[in-house]
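Note that the structure is a prediction, hence the values are computed from the model and not measured.
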Amino acid sequence: MSNENETLSVAFSVSGNFRGQEMKKVTCTAPVNIAVIKYWGKQNEELILPINSSLSVTLHQDQLKTTTSAAASREFTEDRIWLNGKEENISHPRLQSCLREIRRLARKRRNEEGDENVSRILNDKVHICSVNNFPTAAGLASSAAGYACLVYTLAKLYGVEGELSEIARQGSGSACRSMYGGFVQWVMGERDDGKDSLAKQVEPESHWPELRVLILVATAEKKHVGSTAGMQTSVETSPLLKLRADLVVPERMEAMIESIRKKDFKAFGELTMKDSNQFHATCLDTYPPIFYLNSVSQRVISVVHQYNTYYGQTKVAYSFDAGPNAVIFMLEPTVNEFVEVVKHCFPPESNGDTYLKGLPVGSAVLSEGLQSIVASDPNPGGVRYIIYTKPGPGPTLSQDLTLDLLDADGLPLQCA
């Protein structure tokens with residue numbers, strides 16, 4: 001994990017005074033991850049233990065991230081949290097689970113090392129403020145980035161080091177994978193207490209430097225069926241889900257890890273698409289069925305297969321989480337042309353928004369053959385905008401004071 005061995009003195013490096021008392025404050029950022037072998041379904045709701053292992057790609061924080069500031073002061077009268085500008089109930093069981101576990105590890109450190117700094121902060125209440133720079137709850141793994149950032153920030157505040165993915169998992173299952181950069185597997189584990197249900201890095205983000213990611217945002221609206229409710233219903237009603245977990249996923253995990261290590265895009269891309277398709281098949285096999293894809297999603301799937309067929313090889317690969325927004329993987333030389341394909345299929349609407357966001361995209365001229373593929377049935381505005389990114393690192397401790405979200409009184413800056 002990035003910066004995992006930072007010392008306690010670094011964690012307390014940003015501090016101030018609130019009503020004459022010392023206030024300790026840290027700010028961290030954490031990434032979004034996109035699963036290429038999907039997690040869907042829990043065998044233990046309380047501990048968030050999955051019915052199968054999963055594997056994801058961590059996306060770069062220059063384009064997609066959660067930022068969290070946490071402050072501790074004896075002058076605070078209660079623990080409080082603000083998410084995207086709105087105060088939320090910090091008594092939510094998953095929030096409490098993360099906070100409780102970090103404080104437990106901090107007490108353990110105090111008892112073992114007799115650290116006075118830890119002893120003081122354990123008596124303080126905390127204020128937490130967190131924001132995403134991407135749409136929340138629209139199928140872009142906002143809860144994964146959010147809980148990973150929460151756990152990492154609290155760990156820095158309390159001086160907790162070591163394995164943190166188990167704690168992040170208790171906030172949001174896929175959050176454990178956002179505790180590392182690059183390519184990450186979540187090993188489902190076998191123990192009833194979940195101590196072996198952890199995230200492990202398969203390869204760092206530097207391993208496959210040519211890999212690129214396009215996110216086609218079809219909607220920023222909150223999904224109608226949340227992931228927690230959806231997967232619980234699937235576990236209860238879908239025979240296909242059990243078949244997938246028991247027989248399909250174990251083999252796919254091995255094959256996916258091999259494709260990543262060999263940088264075999266054909267194998268990586270085909271596995272990614274097949275697993276996305278099967279995930280959504282289990283949603284349809286759920287009763288009542290769950291529909292996360294829409295007509296734009298279906299058109300994207302069609303265009304990807306037409307594009308690959310034109311070239312006679314797998315050059316681009318789609319994946320959809322629990323939402324209609326497409327994540328498209330490809331190698332860097334393919335980006336400019338495929339962006340042009342998307343623009344032809346989903347012409348930008350002049351709504352004032354920037355259509356291309358993230359890394360810079362060059363121009364490309366489509367051949368007549370490709371134009372014939374994309375010429376029929378254009379859908380203006382079907383894709384609201386495109387985010388161009390690449391694999392990136394895990395959570396980081398910020399040294400940029402402009403990212404701080406809490407003021408000198410420990411309140412959100414936008415509310416000050």
Side-chain angles (χ1 to χ4, degrees), residues 32-43 50-59 139-141 144 173-174 176-178 182-188 199-203 208 211-216 223 227 230-231 234-235 238-286 289-293 297-298 300-305 307-308 313-331 391:
V32 167
N33 74 75
I34 297 297
V36 290
I37 301 294
K38 304 295 188 185
Y39 148 60
W40 192 252
K42 308 183 192 73
Q43 55 181 310
I51 63 171
N52 62 263
S53 297
S54 57
L55 195 147
S56 61
V57 180
T58 298
L59 303 184
L140 288 179
S174 54
C176 70
R177 298 191 308 252
S178 277
F183 304 87
V184 185
Q185 62 173 319
W186 173 11
V187 181
M188 64 179 288
K200 297 180 180 180
Q201 188 179 66
V202 174
E203 294 289 348
W208 202 347
L211 191 65
R212 294 292 183 270
V213 184
L214 296 176
I215 301 173
L216 312 186
K223 53 200 174 196
S227 297
M231 66 177 67
S234 293
V235 168
S238 171
L240 177 58
L241 184 65
K242 178 173 174 50
L243 178 72
R244 165 181 162 75
D246 292 345
L247 299 180
V248 179
V249 170
E251 290 185 4
R252 283 186 177 171
M253 285 291 293
E254 291 183 10
M256 182 62 82
I257 289 172
E258 182 181 10
S259 74
I260 290 167
R261 289 186 168 150
K262 291 183 175 179
K263 294 183 275 192
D264 180 348
F265 187 81
K266 178 180 185 295
F268 171 84
E270 290 179 5
L271 275 170
T272 295
M273 291 188 283
K274 288 177 180 178
D275 206 73
S276 177
N277 293 343
Q278 190 177 75
F279 158 54
H280 288 280
T282 63
C283 292
L284 293 177
D285 191 48
T286 301
I290 305 170
F291 303 94
Y292 286 123
L293 305 184
S297 314
Q298 293 162 358
V300 169
I301 291 171
S302 176
V303 168
V304 165
H305 285 294
Y307 185 84
N308 289 337
Q313 60 178 298
T314 301
K315 296 193 67 167
V316 293
Y318 56 78
S319 183
F320 295 84
D321 280 346
N325 300 316
V327 179
I328 313 292
F329 294 94
M330 65 198 69
L331 300 181

Set of residues satisfying side chain to side chain donor-acceptor pair (under 3.5 Å) with respect to [X], sequence neighbours excluded:
| X | answer |
| --- | --- |
| Tyr307 | Glu337 |
| Gln298 | none |
| Ser53 | none |
| Ser319 | Lys38 |

Between [X] and [Y], what is the shortest heavy-atom contact and its length?
| X | Y | value |
| --- | --- | --- |
| Arg252 | Asp275 | NH1-OD1, 3.0 Å |
| Ile51 | Gln43 | CG2-N, 3.7 Å |
| Tyr39 | Gly41 | CE1-O, 3.5 Å |

Are [X] and [Y] packed together at the side-chain level, in the sense that at least one heavy-atom pair is separated by less than 4.5 angstrom?
| X | Y | answer |
| --- | --- | --- |
| Met253 | Met188 | no |
| Leu271 | Val36 | no |
| Leu211 | Phe265 | yes |
| Leu59 | Ile215 | yes |
| Val316 | Leu214 | no |
| Ile34 | Asp321 | yes |

Residues which pass salt bridge (Lys or Arg N to Asp or Glu O under 4.0 Å) with [X], listed by chain and number, not counting sequence neighbours:
| X | answer |
| --- | --- |
| Lys262 | Glu258 |
| Lys266 | Glu270 |
| Lys242 | Asp246 |
| Lys42 | Glu45 |

Measuring from atom [atom1] of [X] to atom [atom2] of [Y], what distance do you get when rounded to the nearest 0.5 angstrom?
| X | Y | atom1 | atom2 | answer |
| --- | --- | --- | --- | --- |
| Asn52 | Trp186 | CG | CH2 | 9.0 Å |
| Thr286 | Leu241 | OG1 | CG | 7.0 Å |
| Ile290 | Ser234 | CD1 | OG | 4.0 Å |
| Lys200 | Gln185 | NZ | CD | 7.0 Å |

### Task
State whether a side-chain donor-acceptor pair under 3.5 Å links Arg244 with Thr282.
no
### Query
Side chains of Asn33 and Ser178: do they bring a donor and an acceptor to under 3.5 Å?
yes
### Query
Are more than 12 heavy atoms from other residues, nucleotides or ligands located less than 6.0 Å from atom CD of Glu251?
no
### Task
Apply side-chain contact (heavy atoms from CB on, under 4.5 Å) to Glu254 and list each qualifying residue two or more places apart in sequence or on a separate chain.
none
### Message
Going by the rule side-chain contact (heavy atoms from CB on, under 4.5 Å), which residues pair with Leu293 if we only count those two or more places apart in sequence or in a different chain?
### Response
His280, Ser297, Ile301, Phe320
### Message
Taking ring pair (Phe, Tyr, Trp, His ring centres under 6.0 Å) as the definition, give me every residue that meets it alongside Phe279, ordered by chain and number, with sequence neighbours left out.
### Response
Trp40
### Message
Suppose we screen for ring pair (Phe, Tyr, Trp, His ring centres under 6.0 Å). Which residues come up paired with Phe183, at least two apart in sequence or across chains?
### Response
none
### Message
One pair to check against side-chain contact (heavy atoms from CB on, under 4.5 Å): Val249 and Ile37. What are the steps and the verdict?
### Response
CA-CA 7 Å; Val249 170; Ile37 301 294; 4.0 Å; yes
### From CA spacing to verdict: side-chain contact (heavy atoms from CB on, under 4.5 Å), Val57, Phe268
CA-CA 11 Å; Val57 180; Phe268 171 84; 4.3 Å; yes
### Query
Run the side-chain contact (heavy atoms from CB on, under 4.5 Å) check on Val304 and Met273 step by step: do they pass?
CA-CA 10 Å; Val304 165; Met273 291 188 283; 3.9 Å; yes
### Query
Taking it one step at a time, do Arg261 and Val202 satisfy side-chain contact (heavy atoms from CB on, under 4.5 Å)?
CA-CA 8 Å; Arg261 289 186 168 150; Val202 174; 3.9 Å; yes
